[in-house]
Amino acid sequence: MPGNLRRRSDGLVEPAANRQSELDVYDGGSNVKTALITGITGQDGSYLSELLLAKGYRVHGIVRRVALEDPDHRMQRIRHLLPRLELHSASLESFASLFQVLARVQPDECYHLAAQSFVSYSFEDEFSTLNTNINGTHHMLAAIKAVAPKCRFYFAASSEMFGKVREAPQNELTAFHPRSAYGISKVAGFELTRNYREAYGLFAASGILYNHESPRRGFEFVTRKITSHVAKIRLGLADKLPLGNLDAKRDWGHARDYVRAMWQMLQQDQPDDFVVATGHAASVQEFAEVAFSCVNLDWRDYVESDPRFFRPAEVQLLLGDARKASRRLGWEPTCGFHELVEEMVRSDLERLEDAGERSEGLAEPMTVPN
Ligand code: G4F
């Protein structure tokens with residue numbers, strides 16, 4: 001565990017310093033809102049924590065025990081924030097553990113981001129994806145209803161719910177046709193969230209977020225896989241990039257923009273569901289073309305087709321219509337496609353050059369099979 005954290009006897013993790021007084025100084029003391037984030041160690045959790053801290057919130061996070069046991073890897077996205085966060089160990093699979101955290105924290109706002117979020121993996125293990133994602137959301141909603149019914153709840157729904165799309169672009173009224181256990185689990189979470197809103201009066205909102213990326217994206221997702229390989233190839237550390245379906249099109253935005261929409265959804269008078277997207281789609285091939293061109297290389301010399309990365313059922317095109325979010329939340333994306341790709345390539349180059357200079361080897365943090 002990092003030196004600035006300590007584990008209390010009740011299993012909570014907190015900074016070694018007396019953080020309550022630190023926070024009161026930071027926030028000005030009164031009317032400080034408290035937020036609880038599941039999935040705080042992930043890409044979105046890290047950007048959302050930054051946003052909420054900047055707005056003066058007290059930010060609590062739920063993490064798995066394995067994260068506490070391996071903080072160097074699993075908490076690297078939030079390492080710079082650790083002195084200002086309060087982390088609690090709990091499991092999405094355990095209603096009792098979530099109930100206890102919610103009862104103790106009594107958040108004003110809860111952002112439920114944690115999930116098995118890798119679509120490919122959901123074909124390998126449908127059962128754990130469905131269990132974690134559906135039960136996790138159900139446990140969170142039931143615990144909030146029981147011990148913090150005034151807490152505003154955000155559910156991270158997904159454009160994967162549209163799957164085999166009925167129309168393009170998709171909006172909040174487009175019918176769902178999920179193509180994976182992951183997509184099915186998100187439809188179930190979306191419907192649970194809506195049902196808790198309608199049946200029990202919870203302030204429960206869902207963001208139907210399209211693909212959102214950043215230099216903090218996990219290496220298993222295609223964008224980060226591409227940009228990390230481009231950087232390695234540029235530096236002579238790799239010579240090929242194996243990919244699956246190059247024709248799939250996604251509406252790619254920047255994660256920092258998308259967490260802003262999450263927060264905005266919980267500031268409305270009434271809870272509702274919103275599509276969050278840029279309104280522009282590009283194929284995996286186009287992403288690779290732009291990424292290689294950032295380092296003056298031609299993608300055709302390096303990309304090779306690998307059957308291992310094709311999916312049993314593909315989502316061919318996702319393109320979002322975020323006009324409702326624009327109209328009602330005032331939300332607009334600020335980062336364009338080329339800018340996003342360039343930022344990711346640049347960041348991966350810097351990371352590898354830095355690692356080389358420090359002679360620390362070039363192992364990728366958080367590497368999983370991709
Ligand atoms: O980067 P991906 O793995 O993301 P995917 O499946 O679109 O899901 C992401 O976005 C969703 C929102 O729409 C989230 F809900 C979800 O949690 C996740 O964040 O794959 C993007 C596309 C797919 O069509 C895939 O078949 O890229 C294609 N692809 C081609 N070659 C590949 C590869 N994907 C991966 N991961 N690895 C490849 O080698």
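Remember, predicted model here, so these are calculated numbers, not experimental data. Whatever order the structure lists them in is the order used to number ligands and atoms, beginning at 1. When reading the values below, keep in mind they use all heavy atoms of this one structure, side chains included, and skip hydrogens, waters and symmetry mates.
Between the side chain of E172 and the backbone N or O of V275, at least one donor-acceptor pair lies under 3.5 Å. Side-chain N or O atoms of S347 include none that pairs as donor or acceptor with a backbone N or O of E343 at under 3.5 Å. Between the side chain of N171 and the backbone N or O of T174, at least one donor-acceptor pair lies under 3.5 Å.
For F310, no heavy-atom contact with ligand 1 is shorter than 4.0 Å. Under 4.0 Å from ligand 1, the heavy atoms of L318 that appear belong solely to its side chain. With a 4.0 Å heavy-atom cut-off, ligand 1 is reached by the side chain of A248 but not by its N, CA, C or O. Here V119 has side-chain heavy atoms under 4.0 Å from ligand 1, and that is the only part of it that gets that close. Residue contacts with ligand 1 for R217 involve side-chain atoms from C-beta outward but no N, CA, C or O (heavy atoms, distance under 4.0 Å). Contacts between K186 and ligand 1, counted as non-hydrogen atom pairs separated by less than 4.0 Å, are absent for every part of the residue.
In the vicinity of S158, heavy-atom distances shorter than 4.0 Å reach the ligand 1 atoms 11 (C), 12 (C), 13 (O), 14 (C), 15 (F). Those atoms of ligand 1 with a heavy atom of Y182 less than 4.0 angstrom away are 14 (C), 15 (F), 16 (C), 17 (O). Counting the atoms of ligand 1 from 1 in the order shown, those under 4.0 Å from a heavy atom of S159 are 12 (C), 13 (O). With ligand atoms numbered from 1 in the order given, ligand 1 contributes 16 (C), 17 (O), 18 (C) to contacts under 4.0 Å with heavy atoms of S117. Taking every non-hydrogen atom of L209 and a distance limit under 4.0 Å, the qualifying atoms of ligand 1 come out as 12 (C). Per-residue contacts place K225 under 4.0 angstrom from the following atoms of ligand 1 (heavy atoms of the residue considered): 38 (C), 39 (O). With ligand atoms numbered from 1 in the order given, ligand 1 contributes 3 (O), 36 (N) to contacts under 4.0 Å with heavy atoms of F118.
Remark: R224 fails to qualify as a cation-pi partner of F221 under the 6.0 Å distance and 45° angle criteria applied to the six-membered ring.
Within the structure, side chain to side chain donor-acceptor pair (under 3.5 Å) pairs that include any residue of residues 199-211 comprise Q170-Y210 (at least two apart or interchain).
Of all the listed residues (R224, R311, R250, E220), R311 holds the heavy atom that lies closest to atom 6 (O) of ligand 1. Considering D251, I208, D306, N245 only, the shortest heavy-atom separation from atom 30 (C) of ligand 1 involves N245.
Residues F162 and F176 place their aromatic rings such that the two centres sit under 6.0 Å apart.
Residue-to-ligand polar distances keep T223 apart from ligand 1: every N/O pair is separated by 3.5 Å or more. Between E314 and ligand 1, at least one N/O pair is under 3.5 Å apart. Considering backbone and side-chain N/O of N211, one or more are found under 3.5 Å from N/O of ligand 1. Of the polar atoms of G244, at least one N or O is found under 3.5 Å from an N or O of ligand 1, judged by distance alone. Polar contact with ligand 1: present for V222 (N/O pair, distance under 3.5 Å).
Judged by distance alone, the side chains of H280 and D251 never bring a donor and an acceptor atom under 3.5 Å apart. Side-chain contact of Q43 with E213: a donor-acceptor pair under 3.5 Å is absent, judged by distance alone. Side chains of H88 and H60: a donor-acceptor N/O pair is present below 3.5 angstrom, by distance only.
For R64, the CZ atom is loosely surrounded, since the number of other residues' heavy atoms within 6.0 Å does not exceed 12.
For W331, the side chain to side chain donor-acceptor pair (under 3.5 Å) criterion is met by no residue, not counting sequence neighbours.
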Inset, instruction - Report the C-alpha distance between Y302 and F292 in whole Å, list the side-chain angles of each, state the deciding distance to 0.1 Å, and finish with yes or no for ring-ring contact (aromatic ring centres under 6.0 Å, His included). - result: CA-CA 9 Å; Y302 304 99; F292 277 97; 5.4 Å; yes
